[in-house]
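Heads up: the structure comes next, in C-alpha cells.
Residue indices begin at 1 and follow the sequence shown.
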Amino acid sequence: MTSDGANSQPGSDPAVAAFSRVRSAARKIMRSGHGRSTGKFPVSGWGSGSGPDARDPQPLGQSIAHWVGENGYQLNMAVGGITGRWREIVGLVVAEHVTVAAYKPADDDRGGTLVVEADSPAWAVEMRYLVPELLERIAKELGPGLVAKVDVRRPVGGKSTGRWKTRPGRRPPE
C-alpha cells in the first residue's frame, strides 16, 4: 500500500484506487480547514446533516417577517394594521362615524400620534371619551408602544358662531 491508501499491487481495480485517492485528498482538505463553509450557511463537517438547515425552504410568514425586519418596515406594517383592522378594534358602530386620518410617528421611542376624524361634532366628543379604551385595544391587538396619543378631529367646515339662528319669516317672542 502507498501513503495515499491506494493498493499498488498489479491487477488491482483502477476505480478503487481512484476512489481511495479522492477520499484521501478530501481528508487532507477537511483537516486544513479549506472547503468548510465560512459564509452565510454554516455546515458542520463536510456536508449538511439530516436536520433543518438555513438553506432549507423557510415558511412564508417567517420569511416575510425577516424581510420586514431587515428593511425597517415594522412601523409601516403596524400602522397598516391599525387602518386595516379599524372595524375590529373600535367596533362597527364607531367605525361608521370615525375613521383613521393619519399617523404621526414620534421622534423618540415613545409611541406616535394617531389622528382620527369624526363625521360629526357629537361623534368627536364621544371618541374623546373613548380614547383610553382605544389606546388599550391598540396595545392589545398590535403591541404596546405603537400609539401614545390619539388626536380626535371633528369635521371641517360649517363652523357655528355660537349665535341663535332664526328662520326667515319668524318673529321673536314679545
Side-chain angles (χ1 to χ4, degrees), residues 1-96 98-117 127 130-152:
M1 286 197 108
T2 61
S3 66
D4 64 356
N7 196 353
S8 61
Q9 296 178 353
S12 67
D13 189 5
V16 172
F19 180 70
S20 295
R21 286 192 301 271
V22 169
R23 187 172 26 185
S24 176
R27 276 193 213 116
K28 288 179 186 176
I29 290 172
M30 290 306 295
R31 278 190 223 120
S32 69
H34 299 296
R36 289 186 188 245
S37 175
T38 57
K40 205 171 177 181
F41 308 108
V43 178
S44 59
W46 189 55
S48 66
S50 62
D53 194 326
R55 296 173 290 177
D56 293 339
Q58 302 296 319
L60 183 61
Q62 183 180 344
S63 297
I64 290 174
H66 181 71
W67 179 80
V68 165
E70 277 186 349
N71 294 305
Y73 293 127
Q74 297 96 335
L75 182 63
N76 294 344
M77 294 288 289
V79 173
I82 292 174
T83 57
R85 299 177 59 197
W86 183 246
R87 288 184 179 275
E88 295 172 26
I89 294 171
V90 297
L92 296 175
V93 175
V94 175
E96 287 180 19
V98 181
T99 58
V100 176
Y103 178 81
K104 298 175 184 174
D107 294 333
D108 52 5
D109 287 339
R110 295 178 305 135
T113 302
L114 181 67
V115 180
V116 297
E117 284 185 357
M127 195 63 204
L130 295 174
V131 165
E133 186 179 342
L134 175 64
L135 289 171
E136 286 178 22
R137 285 189 181 178
I138 289 173
K140 179 183 168 190
E141 295 282 330
L142 303 169
L146 178 64
V147 177
K149 181 181 171 189
V150 177
D151 183 16
V152 181

Do the side chains of [Y] and [X] get nearer than 4.5 Å, heavy atoms only?
| X | Y | answer |
| --- | --- | --- |
| Val100 | Ile82 | yes |
| Val90 | Leu134 | yes |
| Thr99 | Val116 | no |
| Thr113 | Val150 | no |
| Tyr103 | Thr83 | no |

Ser24 (side chain) donor-acceptor with Ser20 (main chain) under 3.5 angstrom: no
Arg137 (side chain) donor-acceptor with Ile89 (main chain) under 3.5 angstrom: yes
Roughly how far apart are [X] [atom1] and [Y] [atom2], rounded to 0.5 Å?
| X | Y | atom1 | atom2 | result |
| --- | --- | --- | --- | --- |
| Glu117 | Asp151 | CD | CG | 10.0 Å |
| Glu96 | Arg87 | CD | CZ | 6.5 Å |
| Trp86 | Leu114 | CH2 | CG | 5.5 Å |

Contacts of Glu88 that satisfy side chain to side chain donor-acceptor pair (under 3.5 Å) - sequence neighbours left out: Arg85
His66 and Glu70: side chain donor to acceptor below 3.5 Å: yes
Lys/Arg-Asp/Glu bridge criterion (N-O < 4.0 Å) met for Glu136, Lys140: no
